[in-house]
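Below is one structure; the comments refer to it alone.
We're numbering straight along the sequence, starting at 1.
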Amino acid sequence: AVEAAAAALAGLREVLPNGAAVWYPTLGLGFAGGPPAGAERTAAAVEAARAALGALGGSLTVNDAPADLRARLDAWGPAPASLPVMRRLKEQLDPDGRLAPGRFVGGI
């Protein structure tokens, strides 16, 4: 699994040439960061990594990015099948939509 995840993230290493990464295989959790080498290339690398990690049952979330990169991708990635349940829960707990509007998966 570690090798498969490393292969899935290979494209990100190319678009973060001055970046750094850490991987915790026992947790199945990793972090990468650094200045991206162009928004278009980086967005494509993120989407490719998401597809590869998704095939392994994983996901990739973008925590911070320049504005031009954020405009090209959804920070959360594809919405889970549980999105309708999450929306209903949000509507019940925050009926006026005041708490962090649009800042969660699926634009919740």
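Taking both residues in full, the closest heavy atoms of Glu14 and Arg41 are given as O-NH2, 3.8 Å, listed atom of the first, atom of the second, then distance. Pairing each heavy atom of Leu16 with each of Ala32, the nearest pair is CD1-CB, 4.3 Å. Taking all atoms of both residues into account, the shortest heavy-atom contact from Ala43 to Arg72 is CB-CB, 3.9 Å. The shortest heavy-atom contact between Ser59 and Leu53 is O-CD1, 3.8 Å. Closest approach of Arg70 and Ala75 over heavy atoms only: NH1-CB, 3.4 Å. The two residues Ala45 and Gly11 come nearest to each other via the heavy atoms CB-O, 3.7 Å.
Salt bridge Glu91/Arg88: absent, no basic N to carboxylate O contact under 4.0 Å.
Here the straight-line distance linking atom CG of Leu73 with atom OG1 of Thr42 works out to 9.0 Å at 0.5 Å rounding. With values rounded to the nearest 0.5 angstrom, Glu47 atom CD is found 5.0 Å from Arg50 atom CZ.
Under the side chain to side chain contact (heavy atoms under 4.5 Å, CB included) rule, Val46 has a single partner from Leu69, Thr61, Val15, Leu60, which is Leu60.
If you chain together hydrophobic residues whose side chains sit under 4.5 Å apart, Phe104 and Leu83 fall into the same group. Note on Val105 and Val62: separate hydrophobic clusters, where clusters join Ile, Leu, Val, Met, Phe, Trp and Tyr whose side-chain heavy atoms are under 4.5 Å apart, directly or indirectly.
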Full working for side-chain contact (heavy atoms from CB on, under 4.5 Å) between Arg103 and Ile108: CA-CA 6 Å; Arg103 294 187 188 155; Ile108 294 177; over 6 Å; no
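In this structure, Lys90 contributes its side chain and Val85 its backbone to no donor-acceptor pair below 3.5 Å. Panel note: side chain Asp96, backbone Arg98; no donor-acceptor pair is recorded below 3.5 Å.
Under the salt bridge (Lys or Arg N to Asp or Glu O under 4.0 Å) criterion, Asp68 pairs with no residue at all, not counting sequence neighbours.
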